[in-house]
Amino acid sequence: MEYNFSEIEAKWQEYWEQNQTYKTEIDVKKPKYYVLDMFPYPSGAGLHVGHPLGYIASDIYSRYKRLQGFNVLHPMGYDAYGLPAEQYAIQTGQHPAVTTAANITRYREQLDKIGFCYDWGREIRTSEPDYYHWTQWAFIQMFNHYFDTKLQKAMPVELLVQHLENNGTNGINAHGTEELDFSAAEWKLKTEKEQQDILLNYRIAYLADLKVNWCPALGTVLANDEVSEGLSIRGGHPVEQKMMRQWSLRVSAYAQRLLDGLSKIDWTDSLKETQKNWIGRSEGAEMTFRLKGKDVSFDIFTTRADTIYGVTFMVLAPESELVDVCTIPKQATEVQHYLEATKKRTERERIADRRITGVFTGSYAINPVSGTEIPVWISDYVLAGYGTGAIMAVPGHDSRDYAFARHFNLPIIPLIEGCDITEESFDAKEGIMMNSGFLNGLTVKEAIEKTKEYVEETGIGKIKVNYRLRDAIFSRQRYWGEPFPVYYKDDMPYMLDESKLPLVLPEVDKFLPTEKGEPPLGRAKNWQTEDGFPLELCTMPGFAGSSAYYLRYMDPKNDKALVSKEANAYWRNVDLYIGGTEHATGHLIYSRFWNKFLFDLGLVCEDEPFKKLINQGMIQGRSNFVYRIKETAPLNSPKGGKSTPVFVSYNLKDQYETTPIHVDVNIVYNDQLDIERFKNWNPEYKNAEFILEEGKYICGWAIEKMSKSMFNVVNPDDIVEKYGADTLRLYEMFLGPLEQSKPWDTNGIDGVHRFLKRLWALFYKDGELLLNNEQPDADELKILHKTIKKVTFDIENFSFNTSVSAFMICLNELSALKCNKRAILEPLVILLAPFAPHIAEELYHILGNTGTVFDADFPVCNEAFLVESTVKYPISFNGKVRFTLELPADMDKAEIEKTTLENENTQKQLNGASIKKVIVVPGKIVNIVI
RNA sequence: GCCCGGAUGGUGGAAUGGUAGACACGAAGGACUUAAAAUCCUUUGGCCUCACGGCUGUGCGGGUUCAAGUCCCGCUUCGGGUACCA
């Protein structure tokens with residue numbers, strides 16, 4: 001019997017489905033373990049060989065945990081809303097629901113071939129009404145809550161209304177967009193519309209006029225994490241700043257908790273660091289500056305209050321409300337010109353061209369500490385969105401201020417003894433203060449503390465913590481997303497009653513904005529409530545559906561709640577989450593925020609959604625090249641030339657002038673081109689000629705991104721077809737450490753395929769079953785248990801590449817011993833089952849078992865079999881190993897030293913030299929220093 | 001600029017401070033075969049040597065240590081993240 005992988009794999013995949021092997025239910029008798037993959041957006045291109053990397057790793061871990069007796073939740077679903085399907089719909093008129101469904105079918109086929117242990121009974125799709133019901137529901141809760149800064153948690157808005165009725169804004173602890181100030185009496189005098197407008201300032205989901213990232217090409221607003229360097233992440237279209245009334249989520253209120261939570265979770269340091277930077281906590285002081293000659297004062301934020309004596313000018317952001325106040329009539333025209341010029345520059349232009357620009361307002365502020373008068377300027381290097389939109393400029397010790405001062409010839413004062421500021425500012429927080437009044441002689445660190453105290457005591461300011469984290473803009477002017485459960489009355493937003501959920505996405509005739517420029521939902525017929533109030537026209541962004549999907553998997557069919565109390569109490573949170581780093585500042589922040597919000601409401605029992613997180617590395621492509629000799633370019637080329645292209649093999653190409661051309665990696669084997677297939681690959685090369693080396697055409701190669709245009713995309717289906725799913729799974733793991741980025745190179749897959757064939761050969765040879773029931777000897781037991789120990793350790797550490805090599809070593813050793821013993825092979829098969837489930841099932845049955853191998857117990861290492869009676873000591877001289885010496889394992893240090901020194905090889909090496917020192921590490925090494 | 005990772009044979013990669021290159025690919029040689037595939041065996045970091053063996057070697061330069069790919073300091077370089085964040 002041969003190793004017929006296609007037959008075996010089809011057979012077991014069918015068995016698993018028929019027997020519901022991976023169906024998961026709550027079982028309080030067993031400990032739970034929740035393994036989650038980041039669910040995919042089902043794109044039209046299907047899966048390439050890089051996509052399943054993380055899925056294979058999580059699948060191995062899930063199966064391993066199950067074999068160890070855990071009740072493992074391992075679900076999968078689809079992030080089904082998204083821009084590409086809608087862009088495609090705009091171009092073709094094809095409804096995004098149709099293309100999305102087709103893509104999902106394709107994904108499912110591809111995933112099924114790899115043999116994953118997902119419980120497909122729990123599948124979710126974010127675009128299904130019974131799923132987005134709960135996305136809409138969560139939004140309503142966010143609208144109905146505010147963030148209490150003292151309790152550091154979400155509280156019902158009714159409590160806030162009570163407070164406003166009794167005390168106005170006095171003593172209020174609500175995180176707000178703006179600081180408001182009114183009395184209880186004033187509150188009561190306001191109209192309902194005015195009151196609603198004020199409440200929007202505090203709600204966690206709120207509507208506000210914001211400066212947003214507007215992408216004209218996509219016709220929508222984008223969140224900060226969807227924009228990079230002024231271009232949209234999806235599609236790379238230019239993004240501009242625009243004021244718009246938009247829904248937002250008050251993520252910034254949770255900044256401190258999002259930061260604190262990082263210390264409780266097992267994520268990589270680099271990912272935590274990325275989130276820390278994104279949250280961007282900075283401690284400093286907010287100080288008040290008075291304007292000279294006017295009864296106006298304004299606040300600035302600084303982390304370097306200690307440099308207050310070095311302030312030589314102030315700078316306002318162009319968008320700041322203070323611009324009007326500060327600008328004197330004489331400067332008005334100039335300021336106006338500057339503001340207009342700034343407005344015209346897009347974010348992208350500002351990044352590309354960092355000119356120093358600015359304009360003087362004509363006003364002077366007064367330094368609250370030194371009393372000095374300092375000019376107030378306007379410049380776009382100060383951002384309206386951070387701090388107070390105004391800064392005190394200390395050119396001596398801030399490089400941006402320095403550049404500005406140099407450009408406009410403003411004074412620069414050094415504040416640190418001995419610092420050189422002739423060429424650049426001295427930004428480091430070190431040294432002894434000077435020119436700084438009461439701070440002179442202190443170190444910078446002392447000065448920072450002293451200034452803080454001073455600021456608090458004198459009341460010229462207060463200690464303040466600022467965060468870089470912005471609220472998440474939640475409106476998208478697109479069709480293919482969750483509708484908001486929102487209607488408008490008198491221009492104010494109101495939530496639909498929860499009984500009206502889900503609010504189903506309506507049909508539209510086209511997926512484009514209306515003539516009036518409204519979002520596509522403006523085309524929907526009867527898009528209004530029963531009472532005739534208009535419904536919201538925007539839809540929710542991509543991250544809406546992915547923020548709480550891990551909760552829904554716990555209880556996917558529940559139509560009363562997102563997740564039942566008992567399902568949540570059992571499954572709690574994700575024990576292991578595997579996915580890419582690209583979600584570090586998007587999904588992984590939003591999910592944590594969303595979960596914390598639900599936690600505050602008492603709806604989920606864990607404060608953090610993902611306990612342990614592993615980022616699998618990117619699989620890069622490995623492209624192949626052929627080299628066309630230049631003068632053999634096609635006839636229609638400007639240079640003319642021969643009509644038949646001539647290609648020269650890699651190692652001979654330097655003898656010619658050549659053009660490298662990407663060639664499909666699927667017609668290249670071990671860098672050798674299949675010439676016949678190449679000729680058929682592109683009609684242009686039908687009659688091509690080849691200059692070969694040693695009868696072969698060898699291709700060049702390069703590591704590039706895996707993409708269609710580079711012809712380096714490898715489809716997992718092709719690999720499964722040719723080698724089987726088990727080989728694919730083993731090979732993906734064998735490529736290298738899970739977290740490292742590495743190129744896919746199909747060369748080398750033969751190694752793991754041979755491994756499986758040789759494993760098979762321990763059971764069958766020439767159609768004869770070799771399996772026997774003989775007692776294993778000590779050597780065989782040692783090989784087995786050594787492997788159990790190594791593989792268990794490696795799985796626990798997610799070092800799957802080394803576990804595959806441990807299996808290979810084990811097999812090499814067993815093959816050498818011609819071991820066909822059941823007592824050895826049966827545990828080995830179970831050990832291998834998480835990695836290569838199909839062949840393991842088959843062999844498990846050949847061993848005479850029934851049912852599934854995944855109901856077996858994972859083998860446990862018995863250390864007794866690993867005990868060695870002797871140790872081979874490397875004997876080194878001055879650190880260089882010269883020979884080895886086999887000594888009894890229980891020999892003590894003194895004895896080892898004595899035996900070593902008496903050894904004739906030692907005497908030979910010493911050659912009469914005197915010994916300075918002998919280091920003996922029992923069980924390890926002997927080093928003789930001469 | 002700042003933060004985080006890397007850098008080891010022709011290639012992917014192993015290596016709790018203790019014999020660097022496990023395991024695999026590729027390559028070379030051999031066996032089997034009419035031939036090919038498949039399979040099996042041998043060799044495979046570099047240099048010197050018929051050989052025994054020796055020298056050298058983990059991006060570069062220092063250091064700590066009996067002993068450094070591994071720890072420390074200073075660079076080079078590649079990848080990722082992030083940015084007029086005051």
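Note on A:E739: nothing from the nucleic acid sits closer than 4.0 angstrom, heavy atoms only. Nucleic acid contact for A:P737: sugar-phosphate only, since backbone atoms but no base atoms lie under 4.0 Å from a heavy atom of the residue. If you check every strand for non-hydrogen atoms under 4.0 Å, A:K757 touches sugar and phosphate atoms only. Counting any heavy atom pair closer than 4.0 Å across all strands shown, A:L735 reaches sugar-phosphate atoms only and no base atom.
With rounding to whole Å, A:R304 atom CZ is found 11 Å from B:A86 atom C1'. To the nearest angstrom, C1' of B:U39 lies 13 Å from NZ of A:K818. As rounded to whole Å, 15 Å separates atom P of B:U19 from atom CZ of A:R882. Here B:A86 presents its C1' atom at 12 Å from CG of A:D306, a figure rounded to the nearest Å.
Rounded to the nearest Å, the gap between the P atom of B:U64 and that of B:G10 is 32 Å. The same atom, C1', is picked in B:A15 and in B:G57; the two are 16 Å apart, to the nearest Å. Annotation: B:G9 and B:G46 have their C1' atoms spaced 9 Å apart (nearest Å). Rounded to a whole angstrom, the distance from the P atom of B:U70 to that of B:A20 is 14 Å. For B:C40 and B:G45, the C1' atoms lie 26 Å apart once the distance is rounded to whole Å.
Smallest separation of non-hydrogen atoms from A:F298 and A:L316: CE1-CD2, 4.3 Å. Contact between A:Y590 and A:A472 at its shortest, heavy atoms only, is CE2-CB, 3.4 Å. Shortest non-hydrogen contact noted between A:M314 and A:A365 is CG-CB, 3.9 Å.
Legend: residues meeting ring pair (Phe, Tyr, Trp, His ring centres under 6.0 Å) with A:Y764, ordered by chain and number and at least two apart, are A:W760.
A:W744 does not carry A:R622 over the face of its six-membered ring by the limits of under 6.0 Å from the centre and within 45° of the normal.
Using cut-offs of 30° and 60° for the angle between ring planes, the A:H753 and A:F5 rings count as perpendicular.
For A:I919, counting side-chain heavy atoms from C-beta on, the closest listed nucleotide (B:G54, B:A86, B:G18) is B:G18. Residue A:T303 places its side chain closer to B:A86 than to any other of B:C4, B:C66, B:A86. Considering only the side chain of A:T884, B:U19 comes nearest among B:U19, B:C85, B:U56.
Base orientation for B:G9: syn, the chi torsion being within 90° of 0.
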Protein-proximity profile, nucleotides 21-31 of chain B, B/S/- by nucleotide at the 4.0 Å heavy-atom cutoff, equals -BBSSS-----

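A donor-acceptor pair shorter than 3.5 Å can be found between the side chains of A:T357 and A:Y338.
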